[in-house]
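One structure below.
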Amino acid sequence: VQLQASGGGLVQAGDSLRLSCAASGRTFSNYHMGWFRQAPGKEPEFVAAIQRRGYGSGTRVADSVKGRFAISRDNAKSTVYLQMNSLKPEDTAVYLCAVTQIVWAYVDDARRYTHWGQGTLVTVSS
């Protein structure tokens, strides 16, 4: 499956952005979808994930962004979204989308994801 992330940019603290990740090549609805972020010199950090079809479309969001970020998916468009509100400078990173078919308990583990998009840069100025 191929993934294409978009929607990043330069914003000020307190602003909002919506990231998109379009998938192609495989049946999108068969995969849990995840968003991770990676700052320079750091490992990918889990941000959010959403269940695949048949699981109930439940979501998981990292504590660091809970209440500010939300993940959603449109299986008809093979696209997953990350709505980011009340952005902070510490949210600055390259945001990556990825897919996995691992059991839901492990969706916050980047090592469990099999396919990754190229990432989109989000820069939040203070």
Side-chain angles (χ1 to χ4, degrees):
V1 59
Q2 292 78 46
L3 303 170
Q4 181 72 40
S6 62
L10 173 63
V11 297
Q12 294 186 332
D15 285 351
S16 298
L17 275 177
R18 189 177 80 156
L19 306 183
S20 300
C21 177
S24 62
R26 294 282 180 93
T27 305
F28 173 78
S29 59
N30 288 345
Y31 294 92
H32 300 317
M33 299 296 300
W35 283 100
F36 290 78
R37 64 187 182 186
Q38 189 168 24
K42 295 189 175 181
E43 295 293 315
E45 175 192 9
F46 172 74
V47 176
I50 187 165
Q51 291 176 332
R52 64 177 175 86
R53 180 182 293 174
Y55 262 69
S57 294
T59 63
R60 182 180 299 177
V61 180
D63 288 343
S64 58
V65 303
K66 195 167 291 184
R68 300 188 297 122
F69 291 13
I71 186 171
S72 61
R73 68 190 294 163
D74 185 336
N75 289 328
K77 295 182 178 180
S78 298
T79 301
V80 62
Y81 304 97
L82 184 68
Q83 178 66 43
M84 307 187 295
N85 300 324
S86 303
L87 283 160
K88 304 176 181 180
E90 52 262 44
D91 295 320
T92 295
V94 173
Y95 283 71
L96 305 132
C97 58
V99 302
T100 184
Q101 291 183 308
I102 200 69
V103 294
W104 184 245
Y106 300 113
V107 289
D108 57 350
D109 186 347
R111 298 169 298 177
R112 307 287 187 164
Y113 285 74
T114 55
H115 297 81
W116 293 78
Q118 86 292 352
T120 184
L121 177 63
V122 173
T123 304
V124 185
S125 64
S126 57

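All residue numbers in this chain count up from 1 along the given sequence. The figures that follow rest on heavy atoms only: side chains count, while hydrogens, waters and symmetry mates do not.
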Identify all side-chain donor-acceptor contacts of residues 5-12 below 3.5 Å with residues at least two apart in sequence or on another chain.
none

Side chains of Leu19 and Met84 in contact at under 4.5 Å (non-hydrogen atoms): yes
Answer with yes or no whether the hydrophobic clustering places Tyr95 together with Leu3; edges join I, L, V, M, F, W, Y residues whose side-chain heavy atoms lie under 4.5 Å apart. yes
Geometric class of the His115/Tyr31 ring pair [parallel <30°, tilted 30-60°, perpendicular >60°]: perpendicular
Are Tyr113 and His32 an aromatic pair, judged by ring center distance below 6.0 Å? no
Are the side chains of Phe28 and Arg73 in contact, using a 4.5 Å heavy-atom criterion? yes
Can you find a heavy atom in the side chain of Asp91 that is under 4.5 Å from one in the side chain of Val122? no
When the ring centroid of Trp35 is compared with that of Phe46, is the distance short of 6.0 Å? no
Residue pair Lys88 / Arg68, side-chain heavy-atom distance below 4.5 Å: yes
Close side-chain approach of Ser72 and Arg18, heavy atoms under 4.5 Å: no
Could you measure the distance from the CZ atom of Arg52 to the OG1 atom of Thr27? Nearest 0.5 Å is fine. 11.5 Å
Taking C-beta and beyond as the side chain, do Gln38 and Leu96 meet within less than 4.5 Å on heavy atoms? yes
Find the distance between CD (Gln4) and OG1 (Thr79) and round it off to the nearest 0.5 Å. 11.0 Å
